[in-house]
2 protein chains.
Amino acid sequence: MPKLGMQPIRRAALVKATIAEIGEAGSLDVTVSKIAKRAGVSSALAHHYFGGKQDLLVAAMRHILSVYGAAVRRALAGAKTPRARIDGIVAASFAPGQFEPAVIAAWLNFYVQAQSAPGARRLLAVYQARLRSNLVHALRPLAGDRAPEIAETLAAMIDGLYIRHALGAAPDGQGATARVAACLDGLLGEGA
Amino acid sequence: MPKLGMQPIRRAALVKATIAEIGEAGSLDVTVSKIAKRAGVSSALAHHYFGGKQDLLVAAMRHILSVYGAAVRRALAGAKTPRARIDGIVAASFAPGQFEPAVIAAWLNFYVQAQSAPGARRLLAVYQARLRSNLVHALRPLAGDRAPEIAETLAAMIDGLYIRHALGAAPDGQGATARVAACLDGLLGEGA
DNA sequence: ACTTTGATTGACTCGTCAATCAACAAAAAC
DNA sequence: GTTTTTGTTGATTGACGAGTCAATCAAAGT
C-alpha cells in the first residue's frame, strides 16, 4: 500500500481524527493513540508527521478556525448592502456547522488555551480583530463614529449567544440571529 | 499537632489551593500532589478528605460559583430601583474579583466541563436561571412583556463581554458596564 | 493507664501515556 | 539489481500521577 504522497493525506486524516476525538472527549484530554487509531494508523506515525501531541492539537485548532474564517468570507462575498454584511457575519457565526459538538468543544477549549498558550492567544486576537474589522466596516455607513463601539457590543453578543446556545437546551442558533438584529436596531435607533 | 476539628480547615485549605493551582495551570490539568503541597499537607490527606480528584475539582468550582452568587445577592440587597438592580447585577459580574486569573480559569474550564459532565451542566443551568430570573424581575417594570427576551439579551452580553475582557488586553471590566447600559437603553428605547 | 478515634503521612502499586527506536515494506532512482 | 527514499509499525521505555494501605502520632474519653 505505501504509495507516494501520503503526507498530506495522513496529516488531514490525523487532524480530522483529532477534532473528532476532542469532540467526543469534550476536552483536550485526548491520547495520541486514540487519535491515531481513529485515523487508521499507528501512534508512531502521528509522532512522525507531527512533532508531538502539542503540534497535533494546534493543527486541529487552526483547522477549525480556518473553516470558520472561510464561512465568514463566503458570507461577506455575497452581501451588497451594509446591513446584509452584518447579517452575513451573524449568520455565519450561528450556522449549524458551528454547533456540532466537536466544533463547540474546540472553541471552548480554545478559550481555555488562550489564557496561557501564547500561540492560541495570538490566534484568537487575530480572529477577533478580523471580526471587529468586518463589523466596523459594515457599520460605518450606518453608525458613523459610533461604529467601533457598536461593533464591540455586537461581537460580545455573538460570543455570548454562541456560548449560551452551545451549552443550553437549544443545540442550534435559532433565535440568536433575531436577538442580535433587535439589539442592533436598538443601538442604531438612538442618535449620538 | 493533630487537634480535633481539622476537617473544615483542611477542606477549605485544599479548595483554596485547588483554585490557586487551577489559576496557575489555566486548566484542570492539575495534580493532587501539587494541590496538597500548596495546602501544606500530603496528597494522601487530600484523598482522605475528598473522595478523589474529581470531588476536589467539583468542590473548587462550587466554591467559585457560590462566591459569585453571594456577590450578586449583596449587590441586589442594596438596590432600590429596578434600574439599580440591573446595574447591581452587571457590576457584580464585572467586579475586579471576577477577573483574577484563577477565577477566569475556573469559569472557562467550567464551560468546558459543562459540555459533558452532567453535574457541571446542572450547576451552570442553575446559575444561568438565577441570573435570568433576577434580570427579568428587575426588567418587568421597565419593559413589561418584553422583559424575558431583553433579559436573555443582557445575559448573553454579560457572558460575551466577560470572556472578551478576560481574554483581551484589558484585564478588568472597565467599559463593559457602560456598554451593557447603552445596549439596554437602546432596547428599552424602542416600543413594542 | 488504657483505649478509642481523628489526623496524618511515606511508601507502594498500578495504570496510562508520550515519545523513541529499530526494523520492515514498497516504490523510485540510478 | 542495488541503493535510496518514503511510509509504516510493534515493541519498548521512561516518566508521571491517582489512589491505597499500613503505620504513626496526639489528643480525648474512661
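In what follows, chains carry the letters A, B, and so on, assigned in the order in which the sequence lines appear, proteins first and then strands, with residues in each chain numbered from 1.
Going from atom CG of B:Leu57 over to atom P of D:dA18 covers 10 Å, rounded to whole Å. Rounded to an integer number of Å, the gap from A:Lys37 NZ to C:dA18 P is 13 Å. Atoms CD (B:Glu21) and P (D:dA18) sit 11 Å apart, rounded to a whole Å. For the pair B:Phe50 CZ and D:dT20 P, the computed distance is 16 Å after rounding to whole Å. To the nearest angstrom, P of D:dG17 lies 15 Å from CG of B:Leu56. When the C1' atom of C:dC17 is taken as reference, atom CG of B:Asp29 falls 12 Å away, rounded to whole Å. Taking atom CD1 of B:Ile9 as the reference point, atom P of C:dA7 lies 10 Å away to the nearest angstrom. Taking atom NZ of B:Lys53 as the reference point, atom P of D:dG19 lies 8 Å away to the nearest angstrom.
Among the nucleotides D:dT20, C:dT20, D:dT8, the one closest to the side chain of A:His48 is D:dT8. Side-chain atoms of A:Ala44 lie closest to D:dT9 of the nucleotides C:dA18, D:dT9, D:dC21. Comparing D:dT9, D:dA18, C:dT20 against the side chain of A:His47 picks out C:dT20 as the nearest. Each of D:dA18, C:dA18, C:dA7 was ranked by its minimum atom distance to the side chain of B:Thr31; first place goes to D:dA18.
Salt bridge B:Asp185/B:Arg83: present, at least one basic N to carboxylate O contact under 4.0 Å.
Remark on DNA chain D: of its neighbouring residues A:Ser43 and A:Tyr49, the 5'-side contact belongs to A:Tyr49, judged by nearest-heavy-atom nucleotide.
To the nearest 0.5 Å, the span separating CG on B:Leu135 from CD1 on B:Ile89 amounts to 4.5 Å.
Counting any heavy atom pair closer than 4.0 Å across all strands shown, B:Ser42 reaches a base atom.
Side-chain contact check for A:Ile150 versus A:Leu188: some heavy-atom pair is nearer than 4.5 Å. Side chains of B:Asp159 and A:Asp159 form no contact here, defined as non-hydrogen atoms less than 4.5 Å apart.
Residue pairs meeting the side chain to side chain donor-acceptor pair (under 3.5 Å) criterion with at least one member in residues 16-30 of chain B, sequence neighbours excluded, are B:Glu21-B:Arg38, B:Glu24-B:Arg38.
Taking only side-chain nitrogens and oxygens, B:Arg10 never comes nearer than 4.0 Å to OP1 or OP2 of C:dG6.
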